[in-house]
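These notes concern the structure reproduced below.
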Amino acid sequence: MNNSLSGISNIFAKLLLTVAALLIAGAGSPVQAQELNCQVEFNIEQVQTTNRSVFDALKTAVQEYMNENHFTNLQLATNERIDCRMFFTIKEYTDDHMAGDLQVQVSRPVYNTSYTTTLLNFKDNKIEFDYQEGMPLTFTTNTMENQLTALLNFYAYLFIAIDSDSFAPQGGQPMFDQLRQIMQMAQSAGEPGWAAFEDKRNRSAVLSVFTDPATSAVRQMIYDYHRLGLDEMALSPDKGRAKITESLEVLNTLMDADAMSVGLSMFKDAKLDELVNIYSKAPQTERDKVVGILQPIYPTEMKRINMIKAGTNKEE
């Protein structure tokens, strides 16, 4: 890992900008930069239609919506935009109505390295919306234009919120406040995928992981794991890894609140492979401690957990 003054500058500049955003959120700003660098893909193999152009138009519209709108007051340089991915699988298409699922991923760079870490990896199994070719997608914050823009707004703010939490304690609070508003409007409209207690893996359940007092410690975990853990490892691998180990205790809090919490599955999908590599050079006592945390929570993932116990690198 090479030391880089520019790397240090970029990381701490982003941290300061995130804190500044907390102070000015909602106050308006004359100059804004887009927050997201979002890759959008559509899989339509299950759709029986000869009108493929509508999906090309939709892909372009979604990509422009995510990458060209200003969702917050954050001031980010081009190279600081948040890398994210949305992979839509459309399974039904009838009379402009589309239904399917959506895989979302968010990543961010690790301080002073070329490594990027996954912050979120989640599959939304129930998306539905109407779209006509050429239909404009208009961004608003206080109204629900339609089901598609509500869906895009939800994930845009979620991406930014989690990324911000990873750089500053509770750094994503303004975005989580906005997410609550989006959720309330969508639930009032009665659209699928939003209802509380309807599904333990829907959008309402995802938001609850970060905002419910019983599980919101996951937000501090995001900061501790990434800013105090991974970012520290370039300078002090043992110190950074120890903070990651400490942060994993929050998984027990999630488990106690709800053994089927979507927060546990989101962490597994984003982080379990990474943990195998992180602990490949850790002392046995530290590896045993991590295994002791993970094994009761993820009993079906023993292959990877045993790799942690053995100190095996995932890439070997």
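Heavy atoms only: backbone and side chains are in, while hydrogens, waters and symmetry mates are out.
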**Report entry** Working for side-chain contact (heavy atoms from CB on, under 4.5 Å), residues Leu254 and Ile297
**Finding:** CA-CA 10 Å; Leu254 296 183; Ile297 298 173; over 6 Å; no
Query raised in the report: For Ile222 and Phe210, what are the C-alpha separation, side-chain angles and deciding distance, and is it a side-chain contact (heavy atoms from CB on, under 4.5 Å)?
Result: CA-CA 10 Å; Ile222 291 171; Phe210 299 101; 3.8 Å; yes
Query raised in the report: Going through the distances and angles, do Thr140 and Asn142 end up as a side chain to side chain donor-acceptor pair (under 3.5 Å)?
Result: CA-CA 6 Å; Thr140 62; Asn142 298 318; over 6 Å; no
Query raised in the report: Thr149 and Asn146: side chain to side chain donor-acceptor pair (under 3.5 Å), yes or no, with the steps?
Result: CA-CA 6 Å; Thr149 56; Asn146 54 60; 3.2 Å; yes
Query raised in the report: What's the verdict on side-chain contact (heavy atoms from CB on, under 4.5 Å) for Glu191 and Glu128, showing C-alpha distance, side-chain angles and the deciding distance?
Result: CA-CA 8 Å; Glu191 298 288 350; Glu128 294 189 32; 5.9 Å; no
Report task. Carefully, step by step, assess Asp83 and Thr116 under the rule side-chain contact (heavy atoms from CB on, under 4.5 Å). Result -> CA-CA 10 Å; Asp83 290 327; Thr116 59; 5.6 Å; no
Requested in this report: Just do the side chain to side chain donor-acceptor pair (under 3.5 Å) check on Glu133 and Ser53 with the steps written out, would you?
Outcome: CA-CA 8 Å; Glu133 187 172 351; Ser53 65; 3.0 Å; yes
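Asp231 has a carboxylate O that lies under 4.0 Å from a charged side-chain N of Arg108, or vice versa, which qualifies the two as a salt bridge. Using a 4.0 Å cut-off between charged nitrogen and carboxylate oxygen, Asp269 and Lys123 do not count as a salt-bridge pair. The pair Lys59-Asp56 does not count as a salt bridge, with every side-chain nitrogen at least 4.0 angstrom from each carboxylate oxygen. Salt bridge present: Asp165 and Arg219 bring a charged side-chain N and a carboxylate O closer than 4.0 Å. Between Arg241 and Glu286 there is a salt bridge, since a side-chain N of the basic residue sits under 4.0 Å from a carboxylate O of the acidic one.
Here the CD-OG1 distance, from Gln63 to Thr60, works out to 7.0 Å after rounding to the nearest 0.5 Å. Atom-to-atom distance recorded for Ile90:CD1 and Met98:CE is 6.0 Å, nearest 0.5 angstrom. Taken to the nearest 0.5 Å, the OH atom of Tyr131 stands 5.5 Å off from the CG atom of Leu58. Within the model, atoms CD of Gln295 and NZ of Lys309 stand 8.0 Å from one another, a figure rounded to the nearest 0.5 Å. Separating the CZ atom in Phe176 from the CD1 atom in Ile182 is a distance of 11.5 Å, to the nearest 0.5 Å. Rounded to the nearest 0.5 angstrom, Leu294 CG and Leu275 CG are separated by 6.0 Å.
Aromatic ring orientation, Phe129 versus Phe88: perpendicular (interplanar angle above 60°, classes split at 30° and 60°). Between Phe139 and Tyr65, the two ring planes are perpendicular [angle over 60°; tilted spans 30° to 60°].
A heavy-atom distance below 4.5 Å is found between the side chains of Arg201 and Ser265. A heavy-atom distance below 4.5 Å is found between the side chains of Ser166 and Leu119. Leu228 places none of its side-chain heavy atoms less than 4.5 Å from the side chain of Glu246. Arg203 has its side chain out of reach of Leu207: every pair of non-hydrogen atoms, C-beta onward, lies at least 4.5 Å apart. Side-chain contact between Asn202 and Lys126: absent, with no pair of heavy atoms (C-beta onward) separated by less than 4.5 Å. A heavy-atom distance below 4.5 Å is not found between the side chains of Tyr279 and Lys289. In this structure, the side chains of Phe122 and Leu158 stay at 4.5 Å or more apart for every pair of heavy atoms. A 4.5 Å side-chain heavy-atom check between Met86 and Cys38 finds at least one atom pair inside the cut-off.
Between Gln46 and Thr89 the shortest heavy-atom distance is NE2-CG2, 3.8 Å. Taking every heavy atom of both residues into account, Thr141 and Gln178 meet most closely at O-NE2, 3.1 Å. Of all heavy-atom pairs spanning Leu137 and Leu152, the tightest one is CD1-CD1, 4.2 Å. Heavy-atom minimum distance, Thr118 versus Lys271: O-NZ, 2.8 Å. Gln103 approaches Asn121 most closely through the heavy-atom pair NE2-OD1, 2.7 Å. Looking at every heavy atom in both residues, Ser204 comes nearest to Ala195 through CB-O, 3.7 Å.
For the residue pair Glu41 and Gln39, a side-chain donor N or O sits within less than 3.5 Å of a side-chain acceptor on the partner. For the 3.5 Å distance criterion, the side chains of Asp177 and Gln181 fail to qualify, holding no donor opposite an acceptor. In the model, Glu274 has no side-chain atom that pairs as donor or acceptor with a side-chain atom of Asn277 under 3.5 Å.
Within a 6.0 Å radius of CD in Gln132, no more than 12 heavy atoms belonging to other residues, nucleotides or ligands are found. Crowding of Lys91 atom NZ: a count of heavy atoms from other residues, nucleotides or ligands under 6.0 Å exceeding 12. Shown here is Glu68, whose CD atom has more than 12 heavy atoms of other residues, nucleotides or ligands within 6.0 Å.
Within the hydrophobic cluster formed by Ile, Leu, Val, Met, Phe, Trp and Tyr side chains joined at under 4.5 Å, directly or through other members, Met144 is accompanied by Met185.
Between the side chain of Glu80 and the backbone N or O of Ala77, at least one donor-acceptor pair lies under 3.5 Å. Within the 3.5 Å criterion, the main-chain N or O of Ala282 finds a donor-acceptor partner in the side chain of Arg287. Not one N or O on the side chain of Asp95 forms a donor-acceptor pair closer than 3.5 Å with the backbone of His97. Between the Asn306 side chain and the Met302 main chain, a donor and an acceptor come within less than 3.5 Å of each other. No donor-acceptor pair closer than 3.5 Å links the side chain of Arg85 to the backbone N or O of Val104. Between the Ser164 side chain and the Gly172 main chain, no donor and acceptor come within less than 3.5 Å of each other.
For the pair Arg304 and Tyr298, the cation-pi test (distance below 6.0 Å, angle within 45°) is failed.
With hydrophobic clusters built from ILVMFWY side chains whose heavy atoms lie under 4.5 angstrom apart, Phe87 does not share a cluster with Tyr155.
Tyr157 is linked by a ring-ring contact (aromatic ring centres under 6.0 Å, His included) to Phe71, counting only residues two or more places apart in sequence or in another chain.
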